[in-house]
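Side chains included, hydrogens not; waters and symmetry mates left out as well; all remaining heavy atoms used. Labels below follow one simple rule: chain letters A, B, ... track the order of the sequence lines, proteins then strands, and each chain is numbered from 1.
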Amino acid sequence: MEAVANEVQKTVREKRPFTLLTILKNRWFLYAVSMVFFFWLWDFVGERRILGSSLARPHEVLIQLADMVTNPLAGKSLFGHIWASTQRILIGFVIASVVAVPLGLLMALNPYINAVVKPVFDLLKPMPPIAWISISILWFGIGEASKVFIIIIGTFVPCLLNSYNGVRLIEPELYDVVRMLGGNRRQEIINVCFPASFPAIFAGLQISLSIAWTCVLAAELVSARSGLGFVIILGMNLARPALIVGGMVVIAVVAWLTTLLVTALEKLVCPWKREIEGM
Amino acid sequence: MAYEEVKVKKPLALRLLPIASLVFFLGTWQLIVDFEVLPSSMLASPWQVIQLFVVKLTEANPDGAVLARHAWTSIQEAFTGYILSLIVGIPLGLFMGWFVVAEGLARPFFEMIRPIPPIAWIPLTIFWFGIGLAGKVFIIWIAGIVPCVINSYVGVRMTNPTLIQMARTYGATDWQIFTQICIPSALPMVFGALQIALAYCWTNLVGAELLAADTGLGFLITMGRRLARPDMVVLGMISVGLTGAFIGVIIDRVEKRLLAGIRR
């Protein structure tokens, strides 16, 4: 059932005859075909050395990953490296969101705070977080602090922007309703601003998580002794493609899992968010 | 006119505060360096950066190129990758949104590539393409293609179903519906992708240049660090920020021009 402009429509599905074409056009069948083709292509390119010896074949990557679980690489097992990167992300992400989200809300609610913070923020905003790597190494050395600093810089911007815009783009009708029902400014903020801006804030957190992954990788590529970025740069320096591709696979899986986690959390915390179909 | 928009003049404090805040920011920065709160090997003052900027306009040493050449290399790389990602990504996303077969075949590929941050491709691309232009363009291409595909896909998917049903009723073919209804209605989303993709491309360009380059703004930053010249690092950062913002404004103008007449 679908409602379009006060009319309720019912979509009736025709029963189609079951033919070969139905199978060929089935979505899941096509997904399977595509996956098989993907791995076949990967294996083929790796086997025939079309790109030189630099692409490891899928089973080599699996062997490499299994090997890393048991035999530590540069003092840490695979899970040690995963945890090293995740830890940096978590620390930076928590610090940035704890500061940036309330600051964004305050900026949207109070014009004076906005007037003070916005110009400086606008000045720093266009610089990509990766451009800060060099200066953070000059400031904090090559230890943990410099990596966490990069992540803070990277995640701060989307967190602040989204909570700021989340409040500013609230439909004015919602305020009108509260005012008409006799609500004061405090009730306006607590009952309208916070719940209405929550989806935007959450979206900001999601964006900043994916930026945090980019940042931590970049920081680890430049200088580190642990973490997934270190694994792939080690693979490059030792000319071991299986290590590089294995590192990339692990990064993809971990980043994907974090996204899933945040999406699940979002459904739990703010179920009133309207969904857009698709990705 | 039913009602007139009344422009409320901002109070004086609100108009002065932004200026005061900027002056305070730059002033503190300058003073921190002048009074050596931070050693001069860690931070350069705004004035030193301006001086270096003037010098770098003509002087190629110590990093091998004048500022304009660094900027030009970066813009060239970013634009090649950006345009390529638009050319591939937007049609792919549009097709994925409308044709089941296209979605079924392309989506698993896309979903497997998507979670990998473009930066993670750097070591492989260095193996594949060396440290020349091609490698960086590849990384930027990967960075830009993701938002292009997602936005055009969602744009087609959000087409008002009533329009599609109406076209069906009048006997339009699948292809006609796609070209005459789905694509125009997806256009605002597609244009939204232009800005997002540009921002992604620019960020990842800096990342690519930090690791493998011999000219470019990212390279300028890296050289500044290696030579322990914080003024060079800050100059590089500011040039990256300014160039990025400038390109963003241009794209915004183009977008407004192209979108004139299309309802958002």
Side-chain angles (χ1 to χ4, degrees), chain A residues 2 4-5 25-31 33-35 37-38 51-52 54-55 111-112 115-120 123-135 137-139 210 213-214 217-218 221-222 229 232-233 235-236 241 244-245 247-248 251-253 255-256 259 276-279, chain B residues 13-14 17-22 25 38 41-43 97 100-101 103-109 112-113 115-124 126-128 150 153-154 157-158 161-162 202-204 206-207 210-211 218 221-222 224-225 228 230 233-234 236-238 240-242 244-245 248:
Chain A
E2 230 176 326
V4 176
K25 281 191 129 182
N26 183 288
R27 185 167 289 182
W28 295 103
F29 173 75
L30 289 169
Y31 284 170
V33 169
S34 164
M35 298 274 271
F37 178 70
F38 178 82
L51 291 163
S54 59
L55 189 68
Y112 290 94
V116 173
V117 181
K118 192 103 193 305
V120 178
L123 198 68
L124 298 178
K125 189 179 61 175
M127 287 180 217
I130 297 175
W132 287 82
I133 289 181
S134 289
I135 203 116
I137 289 175
L138 285 180
W139 285 352
S210 74
W213 267 107
T214 307
L217 279 181
L221 286 177
V222 174
I232 58 177
I233 202 83
M236 185 178 101
I244 303 180
V245 181
M248 287 169 64
I251 291 165
V253 171
W256 180 67
T259 318
I276 298 174
E277 184 208 354
M279 303 203 178
Chain B
L14 274 187
L17 266 176
I19 304 166
S21 143
L22 272 182
F25 175 74
L38 281 172
S41 62
M42 285 170 84
L43 189 65
V100 181
V101 177
E103 199 218 331
L105 291 180
R107 186 133 182 207
F109 261 81
M112 276 191 275
I113 303 282
I116 305 174
I119 297 273
W121 287 90
I122 291 177
L124 270 191
I126 292 178
F127 269 125
W128 291 348
I150 293 180
Y153 175 87
V154 175
R157 274 305 169 94
M158 286 195 338
T162 319
W202 198 244
T203 304
N204 285 290
V206 179
L210 280 176
L211 276 167
I221 300 177
T222 317
R225 189 187 83 227
V233 175
V234 177
M237 286 166 64
I238 293 178
V240 168
L242 278 183

Asks: Side chains of B:Leu43 and A:Trp139, heavy atoms from C-beta outward: is any pair under 4.5 Å?
Replies: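 B:Leu43 vs A:Trp139: side chains touch.
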Asks: Any idea how A:Phe37 and B:Phe109 line up, ring-wise: parallel (<30°), tilted (30 to 60°), or perpendicular (>60°)?
Replies: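 Tilted.
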Asks: State, to 0.1 Å, how close B:Gly104 and A:Tyr31 come at their nearest heavy-atom pair, and which atoms those are.
Replies: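 For B:Gly104 versus A:Tyr31, the nearest heavy atoms are O-CD2, 3.2 Å.
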Asks: I'd like to know which of A:Lys125, A:Met236, A:Met35 tops the heavy-atom pair count under 4.5 Å against chain B.
Replies: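 Max contact count across the listed options: A:Met236.
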Asks: How close do A:Pro126 and B:Ala245 get, heavy atom to heavy atom, and via which atoms?
Replies: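 Answer, listing the atom of A:Pro126 first, then B:Ala245: CB-CB, 4.2 Å.
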Asks: For the atom pair CG (B:Leu105) and CZ (A:Phe38), what is the distance rounded to the nearest 0.5 Å?
Replies: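 B:Leu105 atom CG to A:Phe38 atom CZ measures 14.0 Å (nearest 0.5 Å).
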Asks: Identify which of B:Pro18, B:Ala228, B:Gly218, B:Pro230 forms the greatest number of heavy-atom pairs closer than 4.5 Å to chain A.
Replies: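 Most heavy-atom pairs within the cutoff with chain A belong to B:Pro18.
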Asks: With a 4.5 angstrom heavy-atom cut-off, which part of A:Val253 approaches chain B: side chain, backbone, both or neither?
Replies: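 No part of A:Val253 comes within 4.5 Å of chain B.
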Asks: Which region of A:Ile232, side chain (C-beta onward) or backbone (N, CA, C, O), has a non-hydrogen atom less than 4.5 Å from a non-hydrogen atom of chain B, or is it both or neither?
Replies: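 Both the backbone and the side chain of A:Ile232 come within 4.5 Å of chain B.
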Asks: If you count heavy-atom pairs within less than 4.5 Å of chain A, which of B:Val234, B:Val206, B:Ile119 leads?
Replies: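 Sorted descending by pairs with chain A, the first entry is B:Ile119.
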Asks: Among B:Trp128, B:Trp202, B:Trp121, B:Phe25, single out the residue with the greatest number of heavy-atom pairs under 4.5 Å to chain A.
Replies: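 Option with the greatest count: B:Trp128.
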Asks: Any side-chain heavy-atom pair from B:Ile238 and A:Met127 closer than 4.5 angstrom?
Replies: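 Answer yes - side chains close enough.
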Asks: Check whether B:Ile126 gets within reach of chain A through its side chain, its backbone, both or neither, counting any heavy atom under 4.5 Å.
Replies: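 Answer is side chain: those atoms of B:Ile126 sit under 4.5 Å from chain A.
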Asks: For a quick test of reading the model, state the closest non-hydrogen atom pair linking B:Ser21 to A:Val120 and the distance between them.
Replies: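 Between these two residues, the closest heavy atoms are OG-CG2, 3.4 Å.
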Asks: To the nearest 0.5 Å, what is the distance between CG on A:Leu30 and CZ on B:Arg107?
Replies: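 Atom-to-atom, A:Leu30:CG and B:Arg107:CZ are 13.0 Å apart.
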Asks: Counting only heavy atoms closer than 4.5 Å, note whether A:Ile135 contacts chain B via side chain, backbone, both or neither.
Replies: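 Both parts, heavy atoms under 4.5 Å.
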Asks: Identify the heavy atoms of A:Met248 and B:Ile116 that sit nearest to each other, and give their distance.
Replies: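 What the structure gives for the nearest pair is O-CG1, 4.1 Å.
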Asks: Does any part of the side chain of A:Thr214, heavy atoms only, come nearer than 4.5 Å to the side chain of B:Asn204, both counted from C-beta?
Replies: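 Result yes, sub-4.5 Å side-chain heavy-atom pair found.
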Asks: Ignoring hydrogens, what is the shortest heavy-atom contact between A:Leu217 and B:Pro117? Give both atom names and the distance.
Replies: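 Closest pair (atom of A:Leu217, atom of B:Pro117, distance): CD1-CG, 3.5 Å.
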Asks: Quick one: what part of B:Val233 sits under 4.5 Å from any heavy atom of chain A, side chain, backbone, both or neither?
Replies: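 B:Val233 touches chain A through side-chain heavy atoms alone.
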Asks: Roughly how far, to the nearest 0.5 Å, is the CG atom of B:Leu17 from the NZ atom of A:Lys118?
Replies: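 It comes to 14.0 Å.
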Asks: For a quick test of reading the model, state the closest non-hydrogen atom pair linking B:Thr203 to A:Ile130 and the distance between them.
Replies: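 B:Thr203 and A:Ile130 have their closest heavy atoms at O-CD1, 3.7 Å.
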Asks: Non-hydrogen atoms of chain A under 4.5 Å away: do they reach the side chain of B:Ile122, the backbone, both or neither?
Replies: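 Interface part for B:Ile122: side chain.
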Asks: Tell me which of these, B:Pro123, B:Gly248, B:Ala20, has more heavy-atom pairs under 4.5 Å with chain A than the rest.
Replies: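 Most heavy-atom pairs within the cutoff with chain A belong to B:Pro123.
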Asks: Name the member of B:Leu124, B:Val240, B:Val100 that forms the most heavy-atom pairs with chain A at distances under 4.5 Å.
Replies: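 The candidate making the most pairs under 4.5 Å is B:Leu124.
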